[in-house]
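A short worksheet on the structure shown next.
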Amino acid sequence: MKTKKQKKQSQLYEVWRQLKKNKLAVVSMFVLLAIILVAVFAPVLAPYDYKEQNAMQSNLGSTAEHLLGTDKLGRDILSRIIYGARNSLIMGFSAIAIGAVIGITIGAISGYFGGWTDNIIMRLLDIYQAVPMLLLCIALAAILGPSLRNAIIALGVGMVPGYARMMRASVMTVRDKEYVESAKSKNCSTARIIIKHIIPNAIGPMIVQITMGVGSCILSGAMLSFIGLGVQPPAAEWGAMISEARATIRQYPTQCLYPGLCVMVSVLACNLLGDGLRDALDPRLRN
């Protein structure tokens, strides 16, 4: 008879076996891992300091010294893109962590208890979602002040309702299962039932949503930086780099193109990986 650890390992192997069938998802996973490694080892990989200015070498094209050229202040674009990956990924993963933790908690409570608790929470979320997410993020970032930390908070808070609703729906499908009834018959506490039995068995759809949400937060974070409410100069961030280069986009289009491609590739990788995980976690598609 398999132990709990062996069952978990076999489930993970089955998910990986299904995921490997989706070549785009596997490639996207490795692309995302490569971007993460670039961000982690930015000081080693970047040829120059991202803040280093040289007025004599401003707006250069691709050269042997500067592979992607320089910006209007003579800063190396490749170095700024490498360091910019750090801030972009920090915004993406941190905002998702805030939104997912709060949303999963609220959704699990709402879905498990139901009744008036569920009605109150859902109506509050209806009011919350009456404001478009991007508009809410912009308003929160403007109130809190432009900075990386405040942009993360604004994005995280804006993601809460979506995760809460999805978790609620998942919890409602498992709260009447036999293992939950068994836990109740053993007089397990409500917190233990939710944490140990409900959330682990309802988390599958959330994993897919969280993976795709990272790409959404990277894109939204770039938007906040683009309008001046995210990462502030001289720090490097892909959205901020596009904003800085927009004044000279006709003369030097590549200064916008390179960070824009980085945003596009990161978001696309997250979305394709999320699609692959959705198929791998769906038991109806296994064979």
Side-chain angles (χ1 to χ4, degrees), residues 28 31-40 42 46 50-51 71 75 77-103 128-129 131-163 206 208-246 249 255-274:
S28 299
V31 168
L32 197 56
L33 286 173
I35 295 172
I36 293 171
L37 289 174
V38 166
V40 171
Y50 71 93
K51 294 182 291 186
D71 63 9
R75 297 173 296 190
I77 292 176
L78 176 59
S79 299
R80 289 184 62 77
I81 284 176
I82 291 173
Y83 273 96
R86 278 188 166 184
N87 287 325
S88 294
L89 292 183
I90 286 172
M91 275 201 287
F93 285 104
S94 299
I96 280 296
I98 293 171
V101 169
I102 298 175
Y128 201 153
Q129 289 188 295
V131 181
M133 189 196 113
L134 284 179
L135 183 58
L136 177 64
C137 292
I138 292 171
L140 287 174
I143 293 169
L144 295 172
S147 71
L148 174 62
R149 182 192 64 185
N150 292 339
I152 290 171
I153 294 172
L155 291 172
V157 170
M159 300 293 286
V160 168
Y163 291 116
M206 296 300 301
V208 177
Q209 190 72 7
I210 287 169
T211 305
M212 292 183 170
V214 172
S216 177
C217 280
I218 290 174
L219 185 60
S220 298
M223 179 272 298
L224 288 179
S225 295
F226 182 83
I227 62 177
L229 294 175
V231 176
Q232 298 299 297
E237 196 275 336
W238 294 334
M241 291 178 66
I242 297 173
S243 179
E244 291 171 359
R246 61 181 170 173
I249 189 171
Q255 292 181 17
C256 283
L257 176 64
Y258 295 137
L261 285 174
C262 291
V263 174
M264 184 193 76
V265 170
S266 300
V267 174
L268 183 62
C270 290
N271 289 343
L272 291 176
L273 178 58

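In this text, all values refer to a predicted model and were calculated from it rather than measured experimentally.
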Worked check of side chain to side chain contact (heavy atoms under 4.5 Å, CB included) between Met133 and Ser220: CA-CA 10 Å; Met133 189 196 113; Ser220 298; 4.0 Å; yes

CD1-CG distance between Ile153 and Leu140, expressed to the nearest 0.5 angstrom: 9.5 Å

Could you check if a side-chain atom of Tyr83 sits within less than 4.5 angstrom of a side-chain atom of Lys51, using non-hydrogen atoms only? no

Could you tell me the separation between the CG atom of Asn271 and the OG atom of Ser266, rounded to the nearest 0.5 Å? 11.0 Å

Mind listing the closest non-hydrogen atom pair of Ala151 and Gly230 along with its distance? CB-CA, 4.0 Å

Report the distance from atom CD1 of Ile210 to atom SG of Cys270, rounding to the nearest 0.5 Å. 12.5 Å

What closest approach, in Å, do Val208 and Gly274 show between heavy atoms, and which atom pair accounts for it? CG1-O, 3.3 Å

For residues Leu144 and Asn150, report the shortest heavy-atom separation together with the two atoms involved. O-ND2, 2.9 Å

May I ask you to test the Phe93-Ile36 pair for a side-chain heavy-atom distance under 4.5 Å? yes

Residues 217-245 vs salt bridge (charged side-chain N to carboxylate O under 4.0 Å, His left out), sequence neighbours excluded, gives Arg75-Glu244, Arg80-Glu244

Donor-acceptor pair, side chain of Ser225 and main chain of Val231, under 3.5 angstrom: yes

Give, for atom CG of Leu229 and atom CD1 of Ile143, the distance between the pair rounded to the nearest 0.5 Å. 11.0 Å

Looking at every non-hydrogen atom in both residues, tell me the closest pair between Met223 and Leu134 and how far apart they are. CE-CD2, 3.3 Å

N/O donor-acceptor pair under 3.5 Å between Trp238 side chain and Ile81 backbone: yes

Nearest 0.5 Å, what's the OH-CG distance between Tyr258 and Leu78? 10.0 Å

Evaluation steps, side chain to side chain contact (heavy atoms under 4.5 Å, CB included), between Tyr163 and Ile96: CA-CA 10 Å; Tyr163 291 116; Ile96 280 296; 2.9 Å; yes

All heavy atoms of Ser88 vs all of Ile218, minimum pair found to be O-CG1, 3.7 Å

Could you tell me whether a side-chain N or O of Asn87 sits under 3.5 Å from a main-chain N or O of Ala236, the two making a donor and an acceptor? yes

Got a second to check how far Leu155's CG is from Cys217's SG, nearest 0.5 Å? 5.5 Å

Closest non-hydrogen atom pair between Pro234 and Tyr50, with its separation: O-CE1, 3.5 Å

